[in-house]
Number of protein chains: 2
Amino acid sequence: MYKLFYIIFRPAFLILNALKLMRHLYIIRKFIFFIQLFIIVSALHAEDGHQLWLRFDKTKATFPCFSGINACDSRFAVKEFQYDWNEMTGNRLQVVNVLNNNTLVIGTLKDRNIVSFGVGNELKQLGMEGYIIKTIHQNNKNITVVASAGDKGLLYGVFHLLRIIQTNKFPQSLNISEKPSYAVRILNHWDNQDGSVERGYAGHSIFWRYGEKHPTVTDKDKVLWKEYARANASIGINGAVLNNVNASPDMLSGAYMQKVKAIAEVLRPYGMKVYLSINFSSPSALGGLKTSDPLDKDVVKWWNIKAKEIYQLIPDFGGFLVKANSEGLPGPQDFGRTHADGANMLADALKPYGGIVMWRAFVYNAGKDDRAKLAYKEFMPLDGQFRDNVIVQVKNGPIDFQPREPFSPLFGAMKRTALMPELQITQEYLGQGNHLVFLASMWKEFLESDTYCSGKGSTVAKITDGTLLKSRLTAIGGVANIGEDTNWCGHHFAQANWYSFGRLAWNNRLSSDDIAEEWIRMTFSNDSNFIKPVKEMMLESHEAVVNYMMPLGLHHLFAFGHHYGPEPWCDVPNTRPDWMPKYYHNAGEDGIGFDRSATGSNAVEQYISPLREQLNNIDSCPEKYLLWFHHVPWHKKMKDGHMLWDELCYTYNHGVKQVRQFQTIWDKAEQYVDSERFIHVQTRLKIQAHDAVWWKDACLLYFQQFSKRPIPYDVERPVYDLNDLKKTKLNMTEHN
Amino acid sequence: MYKLFYIIFRPAFLILNALKLMRHLYIIRKFIFFIQLFIIVSALHAEDGHQLWLRFDKTKATFPCFSGINACDSRFAVKEFQYDWNEMTGNRLQVVNVLNNNTLVIGTLKDRNIVSFGVGNELKQLGMEGYIIKTIHQNNKNITVVASAGDKGLLYGVFHLLRIIQTNKFPQSLNISEKPSYAVRILNHWDNQDGSVERGYAGHSIFWRYGEKHPTVTDKDKVLWKEYARANASIGINGAVLNNVNASPDMLSGAYMQKVKAIAEVLRPYGMKVYLSINFSSPSALGGLKTSDPLDKDVVKWWNIKAKEIYQLIPDFGGFLVKANSEGLPGPQDFGRTHADGANMLADALKPYGGIVMWRAFVYNAGKDDRAKLAYKEFMPLDGQFRDNVIVQVKNGPIDFQPREPFSPLFGAMKRTALMPELQITQEYLGQGNHLVFLASMWKEFLESDTYCSGKGSTVAKITDGTLLKSRLTAIGGVANIGEDTNWCGHHFAQANWYSFGRLAWNNRLSSDDIAEEWIRMTFSNDSNFIKPVKEMMLESHEAVVNYMMPLGLHHLFAFGHHYGPEPWCDVPNTRPDWMPKYYHNAGEDGIGFDRSATGSNAVEQYISPLREQLNNIDSCPEKYLLWFHHVPWHKKMKDGHMLWDELCYTYNHGVKQVRQFQTIWDKAEQYVDSERFIHVQTRLKIQAHDAVWWKDACLLYFQQFSKRPIPYDVERPVYDLNDLKKTKLNMTEHN
């Protein structure tokens with residue numbers, strides 16, 4: 001760091017030393033002071049990415065000419081705006097009482113001025129988190145108004161106004177009204193209490209100190225948590241589950257709860273609630289009871305007391321996230337009870353305080369059937385049995401955060417149960433900390449998927465946000481990619497995924513194009529020479545990773561354990577077959593892919609007509625899902641005329657080319673980016689380009705053993721040997 | 001091996017077992033016998049490359065319809081032809097006395113029939129190694145005649161006839177007369193007596209057993225040496241230096257000399273003489289004398305006795321190869337004598353027996369001057385002082401077997417001294433055992449270089465083969481790439497370089513195109529679908545390796561010690577500066593390259609006008625030698641309009657693309673090649689493609705630190721980081 005700083009400012013230092021020789025002159029001494037100040041300030045603003053998207057490009061932005069700020073009291077949102085305005089312009093926006101031309105008015109319905117603008121009804125309809133931003137013409141004056149029914153909405157409105165300024169899109173006249181798509185917009189931190197982060201690629205936990213057995217809180221923690229909360233508020237995220245879904249019972253013990261309380265206090269002003277993952281056997285494991293049976297009176301009592309304790313510490317505590325009877329964790333089925341029995345018991349305990357239960361549907365224990373069918377088989381019989389403060393959290397796809405999956409058929413099927421999508425922001429299966437993959441494209445594909453549950457147009461978005469199935473608890477969760485790394489997310493472009501999750505949780509109708517452009521403008525530059533190619537790269541990046549990893553519906557070809565590189569050949573003895581790639585790709589001389597049609601596992605039956613029939617038919621099934629739903633002969637003719645094997649080869653090859661093109665785009669962008677972030681991203685793109693070739697070679701050489709056909713000669717030839725690749729073992733553990 | 005054989009012939013075995021069940025039937029038993037025979041024969045002919053180019057593609061070749069063979073006695077050449085004809089056709093060609101139509105006549109001037117054809121004068125002019133191959137029309141009969149003045153020529157003629165048949169080029173009428181370009185056509189084996197091979201990439205020595213302290217000879221050795229001698233005879237090589245130029249004095253001791261005698265006896269029938277590298281301090285180190293001063297009487301006497309001993313053992317012993325006062329080895333300068341003093345003393349000792357001395361000019365000890373000038377500076381003053389049985393052996397370039405060098409200025413300058421080119425067949429600086437590089441192109445470039453020593457057209461070929469400077473000892477040496485590997489040379493395509501050296505030593509007017517085609521036809525296939533692309537690949541391969549390793553005259557950017565990968569940054573403390581890459585590339589912000597013009601080291605002065613002036617001028621110097629002779633600014637405009645830096649980038653990139661194209665060519669050729677050799681070569685091409693990217697990234701990223709310019713955006717982006725590359729150390733020693 002200092003070295004870079006030294007290189008950049010070396011000329012300034014040299015001038016400085018020269019000037020020092022003449023410092024008997026007062027005027028020069030003053031000049032030296034300012035130069036010193038400039039150097040120090042510049043160094044403090046090192047481009048390390050810690051500021052996330054809350055950056056202000058003074059040189060390119062057009063600022064509105066606010067004459068002053070009017071606000072009836074020193075509300076949090078007003079302070080936030082004053083702080084940011086100062087950051088942007090270097091000036092403090094003075095508080096004024098009289099509404100002059102260009103006055104900015106920030107307030108809720110408690111403020112007399114807001115009421116006088118006649119926006120009361122609209123604000124009430126938008127709810128406590130909604131807001132308006134409008135230009136009001138009054139007495140020949142233009143007045144900018146940010147207003148909400150509540151303080152949280154006001155903060156969101158202020159950040160919206162800031163975003164407009166940051167992205168250089170401040171118009172002549174404003175007329176914005178917004179309310180969130182989902183009531184609960186929540187990050188799931190898979191942070192272990194020992195400070196490690198499961199599937200985390202950005203350093204250790206920001207909540208739980210690595211190597212610390214007894215939780216403590218420092219002032220430095222609070223500064224970091226505040227920055228974290230402010231970033232979340234700026235994109236509308238209003239909740240965080242502070243610990244891993246693979247939860248330890250002692251999370252609910254006193255020492256940890258004291259730290260949760262401390263975190264909650266820092267997050268509260270930014271409109272964020274804290275939630276906890278709980279271990280279902282906590283009553284026995286932590287409480288010393290004989291059982292954790294959800295229908296046992298003592299167990300019920302234990303949870304009721306525990307809930308009361310929690311709410312005494314944290315009055316706005318959000319609730320529990322539960323992974324039960326999944327991947328070896330305890331749950332109600334251990335006592336012959338159902339998921340509904342378990343979830344409802346917890347929901348009843350939280351109900352008096354307004355808490356909710358998010359109960360995960362990521363289960364695949366039942367017998368020998370196709371893993372993709374198991375969650376549906378377990379949960380569908382329970383439809384309608386859950387309390388109204390329970391929401392079932394369903395991963396976007398039926399397997400597990402693969403580079404591309406069709407949507408889980410539970411969406412649309414469970415009509416009498418509140419469902420919340422679980423998205424994964426951290427890139428467990430998408431190149432982790434090394435690959436540039438913009439996930440908004442993937443999430444939009446999921447949200448826009450048509451379930452047909454109420455006829456055509458019944459998209460996942462509309463059935464989860466309450467548009468189609470009304471008066472429900474609505475929520476969306478994202479597995480966080482946040483850690484102690486200075487830039488929070490490891491890869492600078494991984495910040496875009498945190499950003500995108502928040503923006504889509506707020507407004508699931510936003511396009512990935514719009515989100516990408518907002519983020520680029522705020523994070524890097526408002527220069528269109530930079531925005532256009534970089535946005536194209538981001539929007540293409542998900543398709544690219546699918547192409548070079550698992551095209552045409554292939555899935556789970558990953559190396560065992562760390563899920564980073566390719567291991568389509570992986571075969572670990574005495575392991576569940578459905579943890580092995582062969583279970584999914586089924587490559588043989590007759591073809592490749594998982595037959596989930598009516599002649600196979602019939603997983604297609606879990607989808608609603610006419611989608612069911614479309615997926616069931618090998619000719620109408622979208623090619624991007626072909627090998628997910630069908631076992632397809634190598635010579636099968638694809639829509640573009642290639643046979644399947646050739647298509648597979650061309651697609652992998654195209655993926656490699658796409659990443660190389662990303663490198664070119666980024667290298668060309670050098671002049672628009674600080675060197676620190678430029679080199680950081682450039683280095684990772686090199687790894688990505690290298691890995692793309694690795695994936696292509698590994699998969700093509702492995703599958704070629706079955707296809708027994710040449711790789712088309714206009715495809716770049718492999719540079720690896722299959723046997724060497726099979727010997728390659730990365731020294732990575734499951735956790736970062 | 002057996003496994004592959006088993007896989008290929010498994011179906012045959014299965015049929016066989018099925019048939020065995022019915023073997024009470026006689027006819028089936030007979031069938032089984034033939035199938036067994038077929039399998040065994042096929043297995044013996046495993047495609048492991050051991051046969052080199054002495055292979056017979058029965059399916060594609062058109063055989064001449066010889067009715068019988070006429071030869072007055074059972075001469076060696078006749079036996080060779082009979083053996084090969086049997087290999088090719090499966091029939092033995094019977095010896096006949098009467099000349100019928102299509103009789104093949106093989107004989108020397110001692111044979112009555114040959115004399116009767118009236119070819120005596122022609123044969124005498126062609127010498128003992130020359131030959132004719134003619135179709136004689138006599139009494140309405142077509143008679144094919146292979147004739148020579150001597151037995152060696154007859155053997156060469158027979159191999160020429162075989163080559164015509166092998167390459168499917170047997171014409172209606174033959175009229176060939178040949179004699180060699182060089183009298184001595186010799187392999188230099190850098191084989192140490194401990195069995196290791198310096199710069200050998202094909203296993204241990206075929207002459208000195210690895211790990212053996214006291215030399216022994218086995219029947220297996222003799223079989224291998226015979227195969228070796230036959231292969232050499234087939235391309236006209238008539239000598240071999242059996243030990244490393246870095247010679248140990250005890251090479252001349254009794255035990256080793258007994259083994260040399262045994263080798264000589266195996267090689268003799270194939271027209272090959274053996275030679276030895278000697279250590280100049282042998283008289284003191286081995287003989288116990290006080291000195292090895294070449295003008296000391298006892299030393300002279302010691303060498304005279306030693307020569308006598310040698311010739312008593314080996315009457316046709318060829319002579320000595322000497323590396324003296326070079327890279328730490330002893331020499332006459334240790335005693336204040338000159339190279340001429342040393343060489344002449346040895347030459348006098350060998351003279352009575354017809355032996356010669358090959359004295360190497362690879363020296364660079366003198367002071368601080370440009371290393372490229374030092375050999376010239378040491379040897380030019382000695383021009384005219386050497387005995388007529390001394391020949392000075394000069395490496396093709398002034399430095400050391402770099403991917404591309406201009407010719408050494410000693411060629412053309414030393415007009416009164418016999419000079420022999422030293423070429424390196426083993427690919428020390430050309431990807432060693434992994435890269436496919438056809439060296440005939442490089443050697444032709446060298447041989448066709450115009451020295452201007454007797455005006456325009458004074459090529460290296462013409463001044464070394466006696467065309468321009470008459471009545472001299474002529475010779476050419478090649479550092480062998482032969483080892484114990486089954487396929488002799490490590491890489492199957494490295495065999496082509498052994499082949500090419502022999503063919504060019506025989507006839508330096510052959511084109512690399514013709515040599516490549518001959519070799520492909522003999523080694524792989526006469527199918528033009530195979531020949532055309534593979535020949536193109538071979539002919540392009542030297543330019544490709546120059547492009548991805550050291551284009552535009554760059555040289556010696558190699559990793560220290562092993563000389564395999566790139567290390568332009570290499571800086572080993574306390575090492576000779578002229579062993580460091582920086583000495584040669586001189587990269588700085590002002591440009592790159594070694595200024596050897598009149599404003600620099602003035603090495604150009606060692607060349608003869610008008611070449612001297614052409615090289616001296618940055619604008620007329622051929623671009624392929626630009627950075628060899630000039631330090632060139634990064635922005636210098638090249639002939640194609642690119643600036644130097646961009647040109648460098650494009651050239652490296654083109655090299656990578658060329659290798660990838662080689663991969664495609666080879667993969668397409670799969671159907672024409674046995675799987676064993678196909679996979680062998682395919683695997684190495686993968687490594688080569690991988691290495692090409694490594695070279696490109698290492699050199700461009702390193703030099704970019706000085707050029708401070710972007711890599712043009714249509715160049716494939718680097719996938720490595722410079723700092724990572726700097727840390728990469730291959731676990732290779734100097735010797736294989």
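Excluded from the calculations below are hydrogen atoms, water molecules and symmetry mates; all remaining heavy atoms, backbone and side chain alike, are included. Numbered from 1 within each chain, the chains take letters A, B, ... in sequence-line order.
Counting non-hydrogen atoms of neighbouring residues, nucleotides and ligands closer than 6.0 angstrom, the NZ atom of A:Lys532 reaches no more than 12 such neighbours. Heavy atoms from other residues, nucleotides or ligands lying under 6.0 Å from NZ of A:Lys582 number more than 12.
Side-chain atoms of B:Arg717 and A:Phe662, non-hydrogen and from C-beta on, never get closer than 4.5 Å to each other.
B:Lys686 NZ to A:Leu701 CG: the interatomic distance, rounded to the nearest 0.5 Å, is 5.0 Å. To the nearest 0.5 Å, the span separating OG1 on A:Thr683 from CG on B:Asn723 amounts to 9.0 Å.
Between B:Tyr713 and A:Asp667, the shortest heavy-atom distance links the atoms OH-O, 3.4 Å.
Under the side chain to side chain contact (heavy atoms under 4.5 Å, CB included) criterion, B:His563 pairs with B:Arg199, B:Glu428, B:Tyr429, B:Gln432, B:His556, B:Phe558, sequence neighbours left out.
Chain B forms the most heavy-atom pairs under 4.5 Å with one residue out of A:Gln682, A:Lys668, A:Glu670, and that residue is A:Lys668.
The main-chain N or O of A:Pro718 is found under 3.5 Å from a side-chain atom of B:Gln663 such that the two form a donor-acceptor pair.
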